[in-house]
4 protein chains.
Amino acid sequence: MSKQPTRPDVAADAVRTGPRGRPRSAEADCAILEATRAALVELGWSKLTMGDVATRAKVAKTTLYRRWAGKSELVVDAVADLFDELELPDLGSLKADVECVVLRFAALLERPETRTALMAVVAEGTRDEALRGRIRSAIVDRQKGLVLQGRARAQARGELPYEDDPATAARNADLIFDVIAGAVVHRTLVSAEPVDAAWARCFTRLLLSGLASLRN
Amino acid sequence: MSKQPTRPDVAADAVRTGPRGRPRSAEADCAILEATRAALVELGWSKLTMGDVATRAKVAKTTLYRRWAGKSELVVDAVADLFDELELPDLGSLKADVECVVLRFAALLERPETRTALMAVVAEGTRDEALRGRIRSAIVDRQKGLVLQGRARAQARGELPYEDDPATAARNADLIFDVIAGAVVHRTLVSAEPVDAAWARCFTRLLLSGLASLRN
Amino acid sequence: MSKQPTRPDVAADAVRTGPRGRPRSAEADCAILEATRAALVELGWSKLTMGDVATRAKVAKTTLYRRWAGKSELVVDAVADLFDELELPDLGSLKADVECVVLRFAALLERPETRTALMAVVAEGTRDEALRGRIRSAIVDRQKGLVLQGRARAQARGELPYEDDPATAARNADLIFDVIAGAVVHRTLVSAEPVDAAWARCFTRLLLSGLASLRN
Amino acid sequence: MSKQPTRPDVAADAVRTGPRGRPRSAEADCAILEATRAALVELGWSKLTMGDVATRAKVAKTTLYRRWAGKSELVVDAVADLFDELELPDLGSLKADVECVVLRFAALLERPETRTALMAVVAEGTRDEALRGRIRSAIVDRQKGLVLQGRARAQARGELPYEDDPATAARNADLIFDVIAGAVVHRTLVSAEPVDAAWARCFTRLLLSGLASLRN
DNA sequence: CGCTAACCGAGACGGTACGTCACGTCTTCAG
DNA sequence: CTGAAGACGTGACGTACCGTCTCGGTTAGCG
């Protein structure tokens, strides 16, 4: 989950017989991420401070920097945990599943932690390739997995055809992912309007019937 | 364009026949916004500082603060100019128009100034109602205007029916706006993959055929 | 008294028409030096902290660094003021004058500020040419002036002959200065034994009768 | 030489027949002191760190702290070795002996290790009684021994009378010690001028003829 | 010859201070 | 009254050492 960049790779050198020195506290990692989320809720991204997080987690500032390169990396890991809670329900139809996951995703984005953090780390990521990769692996790829899972389930149900060309299949999945995630994020954070059941229904209808046309 | 919160309101006092004392330099405003954009390109949002902008614009820091409340407000105004360049082309069909505007919007988001600034000010806006309003009026509403304009044009062409219920019409416009803007922004800044002609074509097909189904 | 290394030299460039910008607070300088002395008394050199001095002086840390390059420079200036209090008495005879100044110098070195600071800055000075120069001009040269003044007075009284060769005169003054200052400092700070009237009498006798022999 | 404060006292418990367990490495002690001197030469007192010394000596930081309470104690022991090299020559006359030992002492103080360390530990000692004692026993008393030894030798030669009152004798030895050590240290480290043969001759003349007068 | 106590290396830990940077405000002088 | 210049209080930054601790793994010397 959390990368620890300064930790020597265990398998890097056969000479190394095992982890030497005092091992890192696992509790600290947990307390820090918890404290980070709490600070995000109270202060928001721009007022959040490494020192403040350290204080809340009852940990020295140096301990934070030993594990994370900076605020952005820390926050990515802290909110990544929340995105793990997202699951694809199985309500019997693709339409119901999509509507439900849209609502769940929106609910996640309404939470103050994610609300303030997501756009901020993406903004930082526009100038930091490493951070962008971290966001991708910690957050984005997991959501994309939901799209793949949903499609597979719909195909098993016979709601969607199996695609012949794997390249096309991947391209379509990416497109659908950007449309769903983009629309929900944009409505929630930019337009700042609520994603309610009606909107989810409308959006899902648009998406699914549009989807059908891609196959002609 | 730029709010001048400390400027004495002209109508505040009937005795005042006009602004007294030395008037503010109009060149300064322009130089500051230009300098802000240059700094965004070179440094990105998070490394951009008010002092640096002042130096580049050959202006005192005080002058900046007299005109803008802070970094976020300044940057919103600076990038808003760029969004004004976005125009809806008239290529004869809704499909062509949408594809074109999608590509133009994506090209705008590829520019380093907008890339780094847009997400950042939105992130700030999640905790600052006033800023959110400023973003809306300076940036978002203009883009939304393109959607309305495009619909009107398509209706005139007979590609889309006139809608009876104005509330439904507004809801649909909002939905379409969030879908288009969200998808392009997400692909560009989050997925960090290019919006090329092929993607634009795919996306437009999905959108327009989905759109048709909303009317059943 | 206190060098302000970042202050632009007034006469450096004819273009400069006058001191521009807000001038530095003179009260701050004074409060800082006072606070430094107080901190030296309470904490000693090694526990003295720039941040603590700033707090005591009710001044920002940055204000300290704007005026002094570091702890050593600050302390040199702070204790230099104390060395200005040293004066050569006129008790009618060279012997009485020397005894008296030895006792006054020892009393100065018994004060906790000077006690803890003097050796420390000298130690730092062994690796820092600029600091050594600062110590010399702020502290050492003033004491050396006492030697010259004392000799001149003794010569006026007829207690000491006028020296023909100015080079020899300077060499002798230096020697006497090192012997007096060195002996008092060494007894006070290294041997850590008191310089009382008896010791001063003994030492003065040794010095003055030795001095006579230099002239043969 | 090196105090080992945490070593269980041999006589503390009658049951203990001897030191049990693995004994401390004697090589480590030596390597550490050597490393300390090397670090003093390269970095000087204030930049010298325990961690750096440990690294140079290829020893864990813990090993240092098991043997010395801190930087000051370590450095005192490290430079004390150098002061042991000081010896009183026997050149046949008191004058020649004093001149020679003055030059040797000055040469010792020109070495970068001693130059930077001596004043620093004395400065620390002004606020630390235990450290002051350690300096006295490890460094100062050995030098003072040279004075006693030189006087005894001069008395044996008939150059100096035997003193009747042992208290007076001790007082005089202390005075001479402070004068010699003080003058040399002050010229070397404060005035920062060289102690050459001419200065040594001048100083010795002053001292010895002054010394004669103490006996009247 | 095997126990076992004390050692050793590595390195994480909670702290404290560092010196720098940017913030947004202020005070001065010049136009 | 504006504008440039720059000092000011504030507060976070990321780093460096401090001295302590917790590990796994030696290494004597006694039984």
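Per chain, numbering begins at 1; letters A, B, ... match sequence-line order. None of the values given here were measured: they were computed from a predicted structure.
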ask   = What does nucleotides 14-19 of chain F look like as a protein-contact string, B for base, S for sugar-phosphate only, - for none, at under 4.0 angstrom between heavy atoms?
value = BBBSSB
message = Can you list everything that forms a side chain to side chain contact (heavy atoms under 4.5 Å, CB included) with Thr49(D)? Sequence neighbours excluded, please.
response = Asp52(D)
task = Establish, with yes or no, whether the OP1 or OP2 oxygen of dC13(E) is under 4.0 angstrom from a side-chain nitrogen or oxygen of Arg67(A).
result = yes
Out of dC8(E), dA7(F), dG9(F), whichever nucleotide has its closest atom nearest the side chain of Ser25(D) = dC8(E)
Atom-pair distance (CG on Leu64(C); P on dT10(F)), nearest Å = 14 Å
message = What I want to find out is whether Asp128(A) reaches Arg134(A) closely enough, with some N-O distance under 4.0 Å, to be called a salt bridge.
response = no
query = Among Val76(B), Val75(B), Ile32(B), which residue meets the side-chain contact (heavy atoms from CB on, under 4.5 Å) test with Trp68(B)?
reply = Ile32(B)
key: Qualifying residues under salt bridge (Lys or Arg N to Asp or Glu O under 4.0 Å), relative to Glu113(A), sequence neighbours excluded   = Arg111(A)
Electrostatic pair Arg67(A):Asp29(A) at N-O distance under 4.0 angstrom = yes
Please list each protein N or O that sits under 3.5 Å from an N or O in nucleotides 1-4 of chain E, with the distance.
none

request  = Please collect all side-chain hydrogen bond (donor to acceptor under 3.5 Å, both in side chains) contacts where either partner lies in residues 30-43 of chain A, sequence neighbours excluded, each pair once.
outcome  = Glu34(A)-Arg37(A), Arg37(A)-Asp81(A), Glu42(A)-Arg56(A)
ask   = Any N or O donor-acceptor pair linking the side chain of Arg24(D) to the base of dC7(E) at under 3.5 Å?
value = no
inquiry  = Working note: Lys61(B) + Val53(B), criterion side chain to side chain contact (heavy atoms under 4.5 Å, CB included); need CA distance, chi angles, decisive distance, verdict.
reply    = CA-CA 8 Å; Lys61(B) 242 191 328 172; Val53(B) 169; over 6 Å; no
query = How long is the line joining CD of Glu27(A) and P of dC13(E), in whole Å?
reply = 11 Å
Between P of dC21(E) and CG of Leu43(B), the distance in whole Å = 14 Å
ask   = Excluding sequence neighbours, so at least two apart, what forms side chain to side chain donor-acceptor pair (under 3.5 Å) with Glu129(D)?
value = Arg132(D)
note = Sorted by position of nearest nucleotide on DNA chain E, 5' first, the leading residue of Val59(D) and Val59(A) is Val59(D)
message = Between Lys58(C) and Arg22(D), which residue's closest nucleotide on DNA chain F lies nearer the 5′ terminus?
response = Lys58(C)
inquiry  = Run Met119(A) and Trp45(A) through side chain to side chain contact (heavy atoms under 4.5 Å, CB included) and show every step you take.
reply    = CA-CA 10 Å; Met119(A) 293 286 92; Trp45(A) 161 268; over 6 Å; no
query = Could you state the CG-P distance from Leu74(C) to dG19(E), rounded to the nearest angstrom?
reply = 11 Å
